[in-house]
Number of protein chains: 2
Amino acid sequence: MFLGTYRHSVDTKGRVAIPARFREQLPSGTVISKGAEGCLQVYPPQEWAQEQGLRLGSTTPAEERRLARMMFGAARECEFDAQGRIVLSADQRQYAGITGVAWIVGVNNLIEIWNDEGWRRIGEATPEEYTRIQDQVAERRRAPRT
Amino acid sequence: MFLGTYRHSVDTKGRVAIPARFREQLPSGTVISKGAEGCLQVYPPQEWAQEQGLRLGSTTPAEERRLARMMFGAARECEFDAQGRIVLSADQRQYAGITGVAWIVGVNNLIEIWNDEGWRRIGEATPEEYTRIQDQVAERRRAPRT
DNA sequence: CACAAAGTGGGGAAAAGTGGGGAGAGTGAG
DNA sequence: CTCACTCTCCCCACTTTTCCCCACTTTGTG
């Protein structure tokens, strides 16, 4: 389970340290890919495995081909150096708008990486908004397929 | 597992370097052929073997005959030079519209090679489209044979 | 306060990618 | 048959990127 928010720096080589608390839960086979709202997402192997049912072959339908290309094309296996850092590719940094600092956030089953601006927007929700959003989600759960 | 997108140049001899990460997963017997949407596809031996289910015989439907001819007729075994490059034949380059640069994309079980324009079109999906496609595929999986 | 663990920064060797020369086989024209 | 030409490999040289290693700073803990 990944919890908490960490502010780490990204150096000129694109390296960013993954918090030790997270790292010790990430075996090899961990994958980083693009996520919704312009963040990057880190999938532990057991989470990523669910995405892998998607395979290409001569009989794969067009929609699945498209999705597979986007998903896997944007992903990379995480490789930690001796200091516990991973390298964000130029493409990933550009997608997430990350330059000097990154916010690394544990979101239960996976980890997200945000730029300053993006994470600020998430965090600036007032208690009232928070309550409203919580209610919305509760509502949808009661009546799915809306 | 093949992941990530790489932009490599294709020289005047039609040579293109396969990313080292991919190359080390490609034993001899790897095959390159034409793929859907105008890309080229690189099949590791075990993936290619699955395509061999497609055979010609007196009862093969016309569509399958056509597909088989295209796939196998266009295929070639990959041969790497000392620098880790393969040569794309003039025919393959023309089919894929590849001139100066090529995008080499890992798509889980196989590798695709795209021209600038083609790959840009795949990647330019908005987050909303991405979500929609993801939902469609999930839907189809839940209720196969539609 | 001292020690250990975590995070940050940079130099340099090694690996990956790029471009081109040239030998040898195959092809076609004179 | 010979010559010129093309195409395919194989080899070498250069540039760029990656990654491995070391050192320092900061944070946390007993």
Side-chain angles (χ1 to χ4, degrees), chain A residues 2-26 28-32 40 42 73 75-95 98-106 111-116 119, chain B residues 2-28 30-32 40 42 74-95 98-106 111-116 119:
Chain A
F2 304 102
L3 297 177
T5 304
Y6 299 82
R7 183 183 191 275
H8 281 183
S9 58
V10 180
D11 67 22
T12 53
K13 297 178 180 178
R15 293 179 299 190
V16 60
I18 300 299
R21 295 239 174 83
F22 293 170
R23 204 188 316 143
E24 60 203 16
Q25 298 179 61
L26 295 173
S28 70
T30 294
V31 166
I32 181 167
L40 300 175
V42 178
R76 288 237 187 165
E77 192 161 346
C78 286
E79 289 166 3
F80 293 93
D81 69 10
Q83 278 66 40
R85 293 173 290 195
I86 59 172
V87 178
L88 303 179
S89 71
D91 182 44
Q92 291 171 332
R93 271 175 285 162
Q94 199 213 329
Y95 173 79
I98 288 173
T99 52
V101 302
W103 293 87
I104 304 178
V105 187
I111 297 164
E112 291 187 339
I113 301 178
W114 293 81
N115 68 13
D116 258 324
W119 183 243
Chain B
F2 303 101
L3 298 178
T5 304
Y6 299 82
R7 183 183 191 275
H8 281 183
S9 57
V10 180
D11 66 21
T12 53
K13 297 178 181 178
R15 294 178 299 188
V16 60
I18 300 299
R21 295 236 171 80
F22 294 170
R23 206 187 313 142
E24 61 201 17
Q25 298 179 61
L26 294 173
S28 69
T30 293
V31 166
I32 180 168
L40 300 174
V42 177
R76 280 207 187 183
E77 192 162 334
C78 286
E79 289 166 3
F80 294 93
D81 69 10
Q83 277 67 41
R85 294 173 289 196
I86 59 173
V87 179
L88 303 179
S89 70
D91 182 44
Q92 291 170 333
R93 269 176 288 162
Q94 198 215 329
Y95 173 79
I98 288 173
T99 53
V101 303
W103 293 88
I104 305 177
V105 187
I111 297 165
E112 293 186 338
I113 302 178
W114 292 79
N115 68 15
D116 257 324
W119 182 244

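Every chain is numbered from 1, with letters handed out A, B, ... down the list of sequences. Since the structure is predicted, the reported quantities are computational estimates derived from the model, not experimental observations.
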Under-3.5 Å donor-acceptor pair between R15(A) side chain and dG7(C) base:
no
Side-chain donor or acceptor of R85(B) under 3.5 Å from a matching atom on the base of dG19(C)?
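Per atom types, the contact qualifies.
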Could you tell me whether the phosphate oxygens of [N], OP1 or OP2, come under 4.0 Å of any side-chain nitrogen or oxygen in [X]?
X	N	value
R23(A)	dG7(C)	yes
R21(B)	dC19(D)	yes
S9(A)	dG9(C)	yes

Without decimals, in angstroms, what is the distance between [X] [atom1] and [N] [atom2]?
X	N	atom1	atom2	value
E24(B)	dG17(C)	CD	P	10 Å
Q83(B)	dT15(D)	CD	P	16 Å
H8(A)	dT27(D)	NE2	P	11 Å

Nearest heavy atom decides the nucleotide; on that basis, is F80(A) or E79(B) closer to the 5' end of DNA chain D?
E79(B)
5′-ward residue of the pair A82(A)/R76(A) relative to DNA chain D:
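The answer here is R76(A).
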Measure across R7(B) and V101(B) and return the closest heavy-atom pair with its distance rounded to 0.1 Å.
NH2-CG1, 3.5 Å
Nearest to the side chain of P19(A) - dG7(C), dG22(C), dG17(C)?
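Within the option list, the nearest is dG7(C).
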Quick one: does any side-chain atom of H8(A) pair with a main-chain N or O of A17(A) as donor and acceptor, under 3.5 Å?
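Side chain of H8(A) to backbone of A17(A), a donor-acceptor pair under 3.5 Å: yes, one is there.
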Tell me whether Q94(A) at atom CD has more than 12 heavy atoms from other residues, nucleotides or ligands lying less than 6.0 Å away.
no
Report which part of the nucleic acid I86(A) touches: base, sugar-phosphate, or nothing (heavy-atom distance under 4.0 Å, all strands).
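Here I86(A) touches no strand at all.
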Which class fits the ring pair F22(B) and Y6(B): parallel under 30°, tilted 30 to 60°, perpendicular over 60°?
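Perpendicular: the ring planes of F22(B) and Y6(B) meet at over 60°.
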